[in-house]
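Let me begin by presenting the structure, written as structure tokens, before commenting on it.
Heavy atoms only: backbone and side chains are in, while hydrogens, waters and symmetry mates are out.
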Protein chains: 2
Amino acid sequence: MKKVTMADVAKLANVSKSTVSQYLNKRYEYMSEETRKRIAEAIEELGYQPNIIARSLKQKTTATIGVIVFNMLHMLTTQVLHAIEEECQKRGFQVIVCNSGDDPDKEKTYVETLLAKQVDGLIVFPTGKNEDVYRRLVEERFPLVFVDRMVPGVEVDSVLLDNFAAAEMAVDYFASNGYRRIAIVTPPLVPYNVPRMERLEGFRAAMEKRGFEVGDQNVIAAEPAALPRELKKRFVEPERPNALFAINDLTLMGVLRFVKDAGVRVPDEVAIINIDDVPFADIYTPALTTIAQPTFAMGKKAAERVFEQMKAKKADGPRVFRFSPTLMERTSIRRGKA
Amino acid sequence: MKKVTMADVAKLANVSKSTVSQYLNKRYEYMSEETRKRIAEAIEELGYQPNIIARSLKQKTTATIGVIVFNMLHMLTTQVLHAIEEECQKRGFQVIVCNSGDDPDKEKTYVETLLAKQVDGLIVFPTGKNEDVYRRLVEERFPLVFVDRMVPGVEVDSVLLDNFAAAEMAVDYFASNGYRRIAIVTPPLVPYNVPRMERLEGFRAAMEKRGFEVGDQNVIAAEPAALPRELKKRFVEPERPNALFAINDLTLMGVLRFVKDAGVRVPDEVAIINIDDVPFADIYTPALTTIAQPTFAMGKKAAERVFEQMKAKKADGPRVFRFSPTLMERTSIRRGKA
DNA sequence: TTGTAGGCGTTATCAT
DNA sequence: ATGATAACGCCTACAA
């Protein structure tokens with residue numbers, strides 16, 4: 001198939017492999033116009049394509065970075081990936097995408113495989129349960145960036161939403177429009193899932209700041225699939241919430257499923273706000289007020305950090321990059337009467 | 001950083017590189033239990049990780065396949081990618097994902113880069129405007145599969161929806177529920193975009209089969225962003241449509257934007273059906289009747305085909321795999337009175 | 001300005 | 001059962 005090698009080109013052009021190599025690397029400086037042309041012709045004629053693998057072996061760099069995500073289907077993932085790809089494209093890098101499915105074992109295997117494949121850097125949406133693996137990378141100063149989640153106890157550049165602020169923003173917005181019976185809707189709370197916990201904390205802090213109580217009655221945690229049922233249960237209680245804060249797009253779906261099935265009117269009976277600016281937010285009725293993550297900026301930053309780390313080769317102190325959420329005011333909340 | 005090589009392991013274990021290599025490739029057959037253990041220990045102690053690049057150079061296979069898509073953000077893409085990744089994962093392959101942004105030049109560059117990186121196969125969501133590039137691959141018998149779109153004149157395994165049937169399905173369903181004034185809503189029609197044309201043809205055929213006329217009045221083609229405006233224009237005309245067939249998720253958004261802004265009631269004033277089972281289909285009000293593509297099956301098949309081609313190494317005649325759409329009956333169409 | 005030679009880390013072929 | 005040695009295709013001194 002493709003067996004044309006540099007040697008073939010060299011022979012046809014009547015020069016040595018080195019010269020061809022020079023040519024390929026655009027070091028024309030001391031090359032006669034004459035040979036340059038001959039080489040170009042030979043390449044053309046043979047349809048020569050350099051073998052980057054061979055080059056990589058020598059140069060110890062592959063111009064590819066690995067990205068391990070825990071959920072490829074998640075909208076955030078897709079958008080961040082897109083930005084990463086774009087940033088890599090600019091620099092002539094390629095991206096190997098791996099989906100861990102939030103399984104730490106798979107994640108670990110992927111890290112090892114990618115390292116074996118000599119990727120130049122790694123961007124990970126971590127499961128959060130592989131501290132040892134990450135720590136080794138950090139010790140080796142291997143270019144690594146976390147996105148969306150971070151791993152407590154592992155000092156790595158991390159790109160994430162200012163979750164605390166996002167939750168505060170939700171509560172503030174509700175409160176300033178007269179809502180008090182605010183509940184947070186979230187997947188099960190597990191300690192290693194940092195964003196989840198941060199959102200809860202932000203929620204709690206903002207509530208308490210206003211003297212609103214936070215207890216079981218306004219923390220609704222369940223698997224997305226079980227959410228509608230859980231919400232229905234909550235809504236028969238006397239002091240049912242009149243404002244729901246869904247901490248991500250998946251829980252939002254649970255909430256919307258519920259209001260539809262139960263015939264609860266939005267925003268008259270219950271107001272809704274959520275994190276993640278879902279694509280249907282403004283065609284839904286009522287248009288959904290959301291809190292958007294700057295996904296593109298986050299992806300870009302993540303890529304930029306790996307590249308900087310690749311350059312630096314000295315750990316210039318890992319940093320956490322917090323991105324500010326932005327409120328997208330629409331109509332799933334009744335305005336006024338603060 | 002990672003300079004531990006096979007030679008180091010060999011030295012520490014007091015064996016030759018060859019033996020270590022055997023060990024790594026699990027050819028224990030003629031290896032003493034003793035040396036086996038020594039090697040294992042050495043590897044452990046040094047934290048040795050094989051260099052797959054070096055292996056690839058020798059074996060001429062990289063266990064990675066390249067995927068070039070024209071729009072990473074598209075839902076179909078994401079889901080198909082997911083399936084491809086999963087299928088590759090099973091076989092120990094990795095996936096390099098590239099986004100052409102529907103730009104033929106970028107697409108071409110990516111093909112070249114991926115070949116230079118020695119990927120073992122290529123799955124492409126083609127822009128449709130690089131026949132020459134593809135034809136070369138075909139001549140070289142390079143494992144290649146097209147997804148979603150195909151390229152007329154290039155004989156390659158292609159995985160796509162039965163677009164004709166999908167469009168027929170839409171018309172049939174409308175018609176059998178008493179609708180006559182059916183319009184198709186599509187992005188601009190360009191000849192190299194095969195699915196688009198096929199959907200239009202299916203629409204036309206199904207309409208004519210019933211003696212419904214097809215003309216300018218029921219082909220609404222515009223850039224998604226311009227669709228709401230275009231639809232508004234159409235809806236002031238006397239014989240306005242009472243059924244809209246959106247050929248993909250993007251045009252659906254345009255349609256929904258329009259009905260919301262114009263206050264057109266669904267399904268009372270206009271019924272809607274579309275291709276692509278968008279995630280919010282059943283939380284929308286009314287729940288959207290859609291025509292789903294088996295995205296997962298399509299991705300899986302695409303991956304399987306590349307692997308088969310890699311095995312076969314003989315062009316066993318390129319095939320087009322048509323996947324059947326499935327109707328997801330919900331409530332954006334009034335039932336009955338056929 | 002161009003060529004020679006050695007090496008990158010692994011595998012494969014033969015010996016032993 | 002294990003080892004020596006030559007590739008794999010490219011890059012890079014250094015030599016000419």
Exercise. How long is the line joining CD1 of B:Ile43 and C1' of C:dT10, in whole Å?
Worked result: 13 Å
For this session: Can you tell me the distance, in whole Å, between the CD atom of B:Gln22 and the P atom of D:dT5?
Result: 17 Å
For this session: Answer yes or no on whether B:Arg36 is positioned over the face of B:Tyr23, meaning its NZ or CZ is under 6.0 Å from the six-membered ring centre and within 45° of the axis.
Result: no
For this session: Hey, which sits more toward the 5' end of DNA chain D by its nearest nucleotide, B:Lys60 or B:Val15?
Result: B:Val15
For this session: Send over the distance from B:Leu57 CG to C:dC8 P, rounded to a whole Å.
Result: 14 Å
Problem set entry | Distance in angstrom units between A:Arg55 CZ and D:dC11 C1', rounded | 9 Å
For this session: Determine: side-chain N/O of B:Ser32 to OP1/OP2 of D:dT2, distance under 4.0 Å, yes or no.
Result: yes
Problem set entry | C:dC8 OP1/OP2 closer than 4.0 Å to side-chain N/O of A:Ser56 | no
Exercise. How close or far is atom C1' of D:dG3 from atom NZ of B:Lys11, stated in whole angstroms?
Worked result: 17 Å
Exercise. Is the cationic atom of B:Arg149 (NZ for Lys, CZ for Arg) positioned less than 6.0 Å from the six-membered ring centroid of B:Phe70 and within 45 degrees of its normal?
Worked result: yes
For this session: Check if the side chain of B:Lys17 and the base of C:dT10 share a donor-acceptor pair of N or O atoms closer than 3.5 Å.
Result: yes
Exercise. Taking the side chain from A:Asp157 and the backbone from A:Arg319, do they hold a donor-acceptor pair closer than 3.5 Å?
Worked result: yes
For this session: Report yes if at least one side-chain N or O of A:Ser18 is closer than 4.0 Å to OP1 or OP2 of D:dT12; otherwise report no.
Result: no
For this session: May I have the distance from A:Arg38 (atom CZ) to C:dT2 (atom P), rounded to whole angstrom?
Result: 8 Å
Problem set entry | Among D:dT12, D:dC10, C:dA12, the nucleotide that comes nearest once only the side chain of A:Ser21 is considered | D:dT12
For this session: Determine: side-chain N/O of B:Asn51 to OP1/OP2 of C:dC8, distance under 4.0 Å, yes or no.
Result: no
Exercise. Can you tell which of D:dT2, D:dC10, C:dG9 lies closest to the side chain of B:Ala54?
Worked result: C:dG9
Exercise. Donor-acceptor pair, A:Asp8 side chain versus A:Thr5 backbone, under 3.5 Å?
Worked result: yes
Exercise. B:Tyr48 side chain N/O closer than 4.0 Å to the phosphate oxygens (OP1, OP2) of C:dT10?
Worked result: yes
Exercise. Is the distance from OP1 or OP2 of D:dG3 to the nearest side-chain N or O of B:Ser16 less than 4.0 Å?
Worked result: yes
Exercise. According to a strict under-4.0 Å criterion, is A:Thr5 in side-chain N/O contact with OP1 or OP2 of D:dC10?
Worked result: yes
Exercise. Can you check the A:Asn25 CG to D:dC10 P distance for me, whole Å?
Worked result: 11 Å
Exercise. Does A:Glu112 offer a backbone N or O that forms a donor-acceptor pair with the side chain of A:Lys117 under 3.5 Å?
Worked result: no
For this session: Taking A:Asn130 for its side chain and A:Val133 for its backbone only, find out whether a donor-acceptor pair lies under 3.5 Å.
Result: no
Exercise. Counting side-chain heavy atoms from C-beta on, which of C:dT10, D:dT2, D:dC10 comes nearest to B:Thr19?
Worked result: D:dT2
For this session: Measure from the side-chain heavy atoms of B:Lys58 and tell me the nearest of D:dC10, C:dG9, D:dA7.
Result: D:dA7
Exercise. Please give, in whole Å, the distance from C:dT2 C1' to A:Met6 CE?
Worked result: 13 Å
Exercise. Checking all strands, does B:Asn14 fall into the base, sugar-phosphate, or nothing category for heavy-atom contacts under 4.0 angstrom?
Worked result: sugar-phosphate
